[in-house]
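For reference, the structure discussed in these notes is given below.
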Amino acid sequence: MVDILLTGGAGFIGFHVAKALLERGDKVIIVDNFNNYYDPKIKEDRISKINDDPGLTVIKADISDYSAMEKIFLENKFTKVCHLAAQAGVRYSLENPFAYEKSNNIGTLNLLELCRKYQIKDFVFASSSSVYGGNKKIPFSETDPVDSPISAYAATKRYNELIAHTYHHLFGLNCTGLRFFTVYGPWGRPDMAAYLFATQILKGKKIKVYNHGNMKRDFTFVSDIVAGVLAAIDKSLPYEIFNLGNSNTVELNYFISLIEKELGITAEKELLPIQPGDVPETFADISKAKRMLGFDPKVKIEEGVKEFISWFRTYRQGS
């Protein structure tokens, strides 16, 4: 059993990680600011599913507030930090880059500095496939250059990797960065493709399909991501970066067709050009994660979409 500070635990991936940690008997302190980037109700609803667990503590705080975070480090006992909190969304980073600077950069720096100050040695954090930018080499490997981000969001995620390396080098922190590839599944974010498409289709509205649906994504089911996060938490690696993806690209048009099939409705589509900050394809080389973390994604896209839509229907009826 370990005691873990989990930032962003009311978020999509964070909630699933918290649930898995609690189910195996760990003690979890969630820190989340429950912000309104998307409807906070789904964050509250996620937490309600685990709130009765005696191993859980939930603290409402902002990771960019150093004094609030120091109070948490002073008043709570934990041996590891799993840092999943972030201002999410590539597209929103074009509108409000300062939100990303505050949460992703200052927030991460605060946590690393507090880990140093209070001698927390193990720091696992979320990065993103977006750091690969417009890389033409497929699949993306951790050894590829990542010095050309094409969105403010991607730039902040690369900063997280670099500042973590600095703290590892200077202060001996064990830092593991996880580059997530297009995570989807039950309790997913309302601003992400699966939730957006399902909502619009059921309302009989047109869905916006960028790059005419020809984009390819390495869609990764949330349970597979959680397995990778827990494996990283259970190691104490000096400094490593891992891709966590399904290692199988899926065309957006096919992804939409699976949602249509599960809903039993054909979508009306508004075909649009690719958006600034978006990349045409993502594809994870996961050989390193397999070798060092035992990472082995199991959920195929057809099965994953079916499970998401089943949850979506139930959740929508209860809302």
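As a basis for the values below, the full set of heavy atoms in this structure was taken, side chains included, without hydrogen atoms, waters or symmetry mates.
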Have [X] and [Y] got a donor and an acceptor in their side chains that come within less than 3.5 Å?
| X | Y | answer |
| --- | --- | --- |
| N248 | K300 | no |
| Y210 | E270 | no |
| N104 | T156 | yes |
| T108 | H83 | yes |

Side chain [X], main chain [Y], donor-acceptor under 3.5 Å:
| X | Y | result |
| --- | --- | --- |
| T176 | A232 | no |
| D26 | L22 | no |
| S151 | A154 | yes |
| T282 | D218 | yes |

Tell me, yes or no, whether the heavy-atom count around [X] atom [atom1], taken from other residues, nucleotides or ligands under 6.0 Å, exceeds 12.
| X | atom1 | result |
| --- | --- | --- |
| K137 | NZ | yes |
| K102 | NZ | no |
| H212 | NE2 | yes |
| K269 | NZ | yes |
| K216 | NZ | no |

[X] versus [Y]: any side-chain heavy-atom pair under 4.5 Å?
| X | Y | value |
| --- | --- | --- |
| L21 | L230 | yes |
| K27 | F78 | no |
| I309 | I259 | yes |

Is any side-chain N of the basic residue among D39 and K41 closer than 4.0 Å to the acidic one's carboxylate O?
no
Using 30° and 60° as the class boundaries, would you call the ring planes of Y118 and F73 parallel, tilted or perpendicular?
tilted
Between F123 and Y167, is the ring centroid distance below 6.0 Å?
no
Indicate, with yes or no, if the rings of W187 and F12 have centres closer together than 6.0 Å.
no
Quick check: closest heavy atoms across E142 and I241, and the distance to 0.1 Å?
CG-O, 3.3 Å
What are the two closest heavy atoms between K157 and A86, and how far apart are they?
NZ-CB, 3.6 Å
Qualifying residues under side chain to side chain contact (heavy atoms under 4.5 Å, CB included), relative to E307, sequence neighbours excluded
P186, F221
Verdict with reasoning, F295 to F242, per ring pair (Phe, Tyr, Trp, His ring centres under 6.0 Å):
CA-CA 10 Å; F295 181 64; F242 295 101; 9.3 Å; no
Using the side-chain contact (heavy atoms from CB on, under 4.5 Å) rule, take F140 and R179 through it: C-alpha gap first, then chi angles, then the decisive distance, then the call.
CA-CA 11 Å; F140 299 157; R179 292 174 178 169; over 6 Å; no
How far apart are the C-alpha atoms of S236 and N174, what are their side-chain angles, what is the distance that settles it, and do they pass the side-chain hydrogen bond (donor to acceptor under 3.5 Å, both in side chains) test?
CA-CA 6 Å; S236 291; N174 297 321; 4.5 Å; no
